J.: 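Please find one structure pasted underneath; my questions will follow.
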Amino acid sequence: MTALRQTAVTKAVPLLQALPLAAILIAFFVGPVLLVVAVSFFDYQTWDILIPDFILYNYEILLGSETTYRTYLNTAKLCLLAWFFTLTIGFTIAYFLAFHVRSVPLQIGLFLLCTIPFWTSNIIRTISWIPLLGREGLVNQGLMGVGIVSEPVEWLLYSEFAVILGYVHLYTLFMIVPIFNSMLRIDRAVIEAARDAGASGFQILRHILLPLSKPGMAIGTIFVVALVMGDFFTVDVLGGAKVASVGKTIVNELGYLQYPPAAANAVVLTIVTILLIVALMRIVNIRKEL
Amino acid sequence: MGEQRGPTFYILAAFFGMFVIFLYGPIITIVILSFQGPQGNLVFPMNGFSLHWFRELFTDQPIGDIHGAFGRSIRLALMVMVLTVLVSVLAGLAYRRRFIGATALFYTAVASLIMPSIVISIGIGAGYELLGWTRTWYGSTLGAHLTWTLPFGLLIMFAVFNRFSPAYEEAARDQGATGWQTIRHVVLPIIAPSLIGVALFGFTLSFDELARSSQVTGDLNTMPKELQALQTNTVTPVIYALGTLTTLISMAVIATCVSTVLIMRARRRRHGSDAGQGV
């Protein structure tokens with residue numbers, strides 16, 4: 001009897017320990033996300049922004065508009081470009097840190113150097129591009145000073161270029177950390193064996209490091225895609241009025257207190273984000289099969 | 001790998017150097033520009049050096065409420081930090097044994113991490129609206145921030161406990177320690193440096209959070225929201241001064257955490273094992 005009670009208590013302990021986490025996630029994540037799905041079927045009016053109902057109106061308007069498709073396509077394009085650059089730069093940096101820096105304290109130091117900006121403000125880091133890229137910014141001053149151009153280059157700021165630059169600046173670290181982590185787990189004996197068997201540096205990279213870093217690349221991909229698809233600040237600050245994105249559209253709708261249309265858009269955005277992540281995982285997988 | 005450095009090394013090292021400049025260059029620009037003279041502009045050239053724009057920060061601004069927002073964000077970040085550490089450690093301990101719903105809870109935490117932030121923000125905002133509750137920085141915003149910091153905390157705790165040998169606890173239990181004594185005197189001291197890492201995530205991620213806060217802060221703004229508003233409205237380097245100040249605070253927090261961990265490690269190395277000293 002005592003033994004039985006003992007097991008019951010032992011079984012209850014981890015449940016109780018996990019309870020605060022579960023409660024917070026249910027209250028502020030699971031509940032709200034389900035609510036977004038529900039609200040996307042709600043009705044709304046100027047004086048009553050949430051009228052519980054089950055109408056398809058918000059989706060009909062959203063999916064019936066050509067602008068929607070153009071905005072989604074543009075967001076996906078920004079996302080793919082950001083993914084490509086963060087992945088290639090992140091992989092190169094991680095590769096350098098993991099295999100070319102030989103002293104461990106230096107490795108840790110350089111790794112920290114790459115991660116510190118993660119703990120500072122993304123808003124400030126985004127804004128800080130403006131005095132560099134603007135019409136009278138440092139880059140244009142430099143280019144004109146050297147005489148490469150006679151007129152300021154206009155596409156540096158408030159353009160897709162600036163937005164991608166901002167994403168690469170903010171999110172490359174989400175690639176570096178997991179890829180570096182994967183690379184540190186690679187058994188050095190495998191590389192030695194390949195070298196002894198006559199593999200070139202490129203062959204080692206292509207046939208050993210690339211496939212074995214895949215888990216890290218996958219984690220980085222999920223982060224970058226989710227962050228870029230959900231962004232509304234960087235695209236607003238660096239893209240200006242010229243660059244459209246779903247996140248910006250949603251925030252605009254919320255600004256007019258149009259919750260149900262924003263919710264419908266958010267539901268579609270989430271689905272597209274998940275599909276995009278799945279598709280990108282496939283690409284990485286196919287490479288391994290080749 | 002002890003052979004001579006090839007050209008690849010130097011190419012990669014140069015690439016790394018350029019990346020670091022790319023990473024820190026813009027923020028250094030902002031810091032320099034925040035010392036613009038009183039007549040200075042948003043861009044170079046510098047029009048003299050002064051602390052004018054920092055002084056502006058501490059005098060009343062025509063728009064916004066920088067002081068209030070600053071205080072709120074610091075207090076909120078401290079609350080998020082404490083809760084993130086407590087809840088993550090408890091959950092981390094839970095995951096060392098089996099419990100019902102463990103897998104579901106783990107995937108929920110991961111989903112909370114990667115869900116586009118704006119979706120969570122709309123959901124919490126709509127929930128408060130429907131319930132007729134008032135959105136506050138210490139209520140709805142606190143909850144929104146926890147959906148972002150707790151998954152990070154949980155993942156760190158996983159990494160910690162994966163490397164944690166249960167032999168220490170078994171030894172303590174064999175000596176007659178109760179469950180609480182084992183945690184208090186054996187487990188917590190060993191994982192303490194990692195907890196500082198969790199605290200660092202909790203504080204800084206909350207202090208800089210914008211996307212999840214966007215629909216849930218109510219009437220009183222947090223600092224990042226204030227910055228966002230300023231960004232669209234201000235045409236003076238005062239925003240750079242604010243950026244410099246915010247970055248300084250983040251840097252101070254990071255430095256405190258890193259040095260605390262280093263001091264802890266050094267002390268451990270100096271004192272070495274205390275086996276047998278408790279008798």
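Given the structure is predicted, the values throughout are model-derived calculations rather than measurements. A, B, ... follow the sequence lines: proteins, then strands. Residue 1 opens every chain.
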J.: Which bit of B:L86 comes within less than 4.5 Å of chain A, counting heavy atoms only: side chain, backbone, both or neither?
T.: neither

J.: Side chain, backbone, both or neither: which part of B:E209 has a heavy atom under 4.5 Å from chain A?
T.: neither

J.: With a 4.5 angstrom heavy-atom cut-off, is it the side chain or the backbone of B:M223 that approaches chain A, or both, or neither?
T.: neither

J.: Can you tell which part of A:I176 gets under 4.5 Å to a heavy atom of chain B, answering side chain, backbone, both or neither?
T.: side chain

J.: With only heavy atoms counted, which part of B:Y240 is less than 4.5 Å from chain A, the side chain, the backbone, both or neither?
T.: side chain

J.: Would you mind checking which part of A:V228 comes under 4.5 Å of any heavy atom in chain B, side chain (CB onward), backbone (N, CA, C, O), both or neither?
T.: neither

J.: Heavy-atom distances under 4.5 Å only: say whether A:L34 touches chain B with side chain, backbone, both or neither.
T.: neither

J.: Go through the atoms of B:L205 and report whether side chain, backbone, both or neither lie under 4.5 Å from a heavy atom of chain A.
T.: side chain

J.: Under a 4.5 Å heavy-atom cut-off, does chain A meet the side chain of B:A144, its backbone, both or neither?
T.: backbone

J.: Between B:R98 and chain A, with a heavy-atom cut-off of 4.5 Å, which part of the residue counts as in contact: side chain, backbone, both or neither?
T.: backbone

J.: Report which part of A:L165 has an atom under 4.5 Å of a heavy atom belonging to chain B: side chain, backbone, both, or neither.
T.: both

J.: Is chain A contacted by the side chain of B:L12, its backbone, both, or neither, given a heavy-atom distance below 4.5 Å?
T.: both

J.: Which bit of A:L21 is near chain B, if near means a heavy-atom gap under 4.5 Å: side chain, backbone, both or neither?
T.: both

J.: Verify the ring-centre separation between B:F16 and B:F22: is it less than 6.0 angstrom?
T.: no

J.: Tell me, side chain or backbone of A:F232 under 4.5 Å from chain B's heavy atoms, or both, or neither?
T.: side chain

J.: Which atoms of B:I114 come close to chain A, meaning under 4.5 Å heavy atom to heavy atom: side chain ones, backbone ones, both, or neither?
T.: both

